[in-house]
Amino acid sequence: MTHWKSRCQRIYSVVQAIPSGRVASYADVAALANLPRGARQVGRALRETPADLRLPWHRVLRADGRLAFAVGTEAAAEQTAQLQAEGIPCLRGRVDMARYRWQPELDELLWGPLAAAHDQSHPQ
DNA sequence: CTGATGACTATAG
DNA sequence: CCTATAGCCATCA
């Protein structure tokens, strides 16, 4: 089946999993939700997110780091504020993806269970 | 079925 | 930096 609703569930789960201080692109979220070419679907899902669900939608940006909303719009202002509130600089509607992009595997390596052993054998 | 529409993306110029 | 174009894919008139 894999209906729209279940896809939304997966999309929302992935977005919910983005750590504070990190961002992801629509394509990233789609890939992690098992929707390889579903970037547009991610956008649609976020657009239709129920209000009671408190989703960190502001951590989802375009692939090049620009906001999905035009600078000057209320949504862009809110998104910018939320990002900066968690330490992510957003200038001219843009975020440095190279620096703030969420990379689950890398995070696991650096901060996960393996990190301790890795740190011991590899200080600094 | 067809064409239009998006909180998208990659590539060119 | 920008715009233009062509893919993309679910949904809707």
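Protein chains get the first letters and strands the later ones, always in sequence-line order, with residue 1 at the start of each. Keep in mind it's a predicted model, so treat the numbers as computed, not measured. Reckoned from all heavy atoms, side chains included, excluding hydrogens, waters and symmetry mates.
- For A:Q82, the side-chain contact (heavy atoms from CB on, under 4.5 Å) partners two or more places apart in sequence, or in a different chain, are A:H58, A:E78.
- Applying the side chain to side chain donor-acceptor pair (under 3.5 Å) criterion to A:T80, with sequence neighbours excluded, gives no partner residue.
- Within a heavy-atom distance below 4.0 Å of DNA chain B, no residue of residues 91-100 of chain A is found.
- Proximity of residues 58-83 of chain A to DNA chain B (heavy atom under 4.0 angstrom from any strand atom) is restricted to A:R62, A:A63, A:A68, A:F69.
- For the pair A:Q79 and A:L61, the minimum side-chain heavy-atom distance is below 4.5 Å.
- Put simply, the side chain of A:C90 does not reach to within 4.5 Å of the side chain of A:Y100, judged on heavy atoms.
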Show me the donor-acceptor pairs, under 3.5 Å and distance only, between side chains in residues 66-76 of chain A and residues at least two apart or in other chains.
residue, atom, partner, partner atom, Å
A:R66, NE, A:D64, OD2, 3.2
A:T73, OG1, A:A70, O, 2.8
A:T73, OG1, A:A76, N, 3.2

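- Taken to the nearest 0.5 Å, the CH2 atom of A:W4 stands 6.0 Å off from the CD atom of A:E48.
- You can see that DNA chain C meets the heavy atoms of chain A within a 4.0 Å-exclusive cut from C:dC1 to C:dT11, reading 5' to 3'.
- Checked for salt-bridge contact, A:R59 and A:E86 meet the test: a charged N lies under 4.0 Å from a carboxylate O.
- Between A:V15 and A:P56, some side-chain heavy-atom pair lies under the 4.5 Å cut-off.
- Under the rule for a side chain to side chain donor-acceptor pair (under 3.5 Å), A:R10 has no partner lying at least two apart in sequence or in another chain.
- Among the heavy atoms of the strands lying under 4.0 Å from A:W57 is at least one base atom, whether or not backbone atoms are also near.
- No option in A:L55, A:V42, A:V60, A:T49 other than A:V42 meets the side chain to side chain contact (heavy atoms under 4.5 Å, CB included) test with A:I11.
- Of all nucleotides in DNA chain B, those with any atom nearer than 4.0 Å to a heavy atom of chain A start and finish, going 5' to 3', at B:dG6 to B:dA10.
- Looking at residues 36-51 of chain A, you'll see A:A39, A:R40, A:Q41, A:G43, A:L46, A:R47 sit with a heavy atom under 4.0 Å from some atom of DNA chain B.
- In this structure, A:R62 has no salt bridge (Lys or Arg N to Asp or Glu O under 4.0 Å) partners at least two apart in sequence or on a different chain.
- Heavy atoms only, all atoms of each residue included: A:V14 and A:W102 are closest at O-CZ3, 4.2 Å.
- Scanning for side chain to side chain donor-acceptor pair (under 3.5 Å) contacts around A:R40 gives an empty result, with sequence neighbours left out.
- Annotation for A:S25 and A:A63: closest pair CB-CA, 3.8 Å, computed over non-hydrogen atoms.
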Check residues 31-38 of chain A and write down every donor-acceptor pair under 3.5 Å in which the side-chain atom is one partner and the other belongs to a residue at least two apart or another chain.
none

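- Comparing the P positions of C:dG7 and B:dA7 gives a spacing of 22 Å, expressed to the nearest Å.
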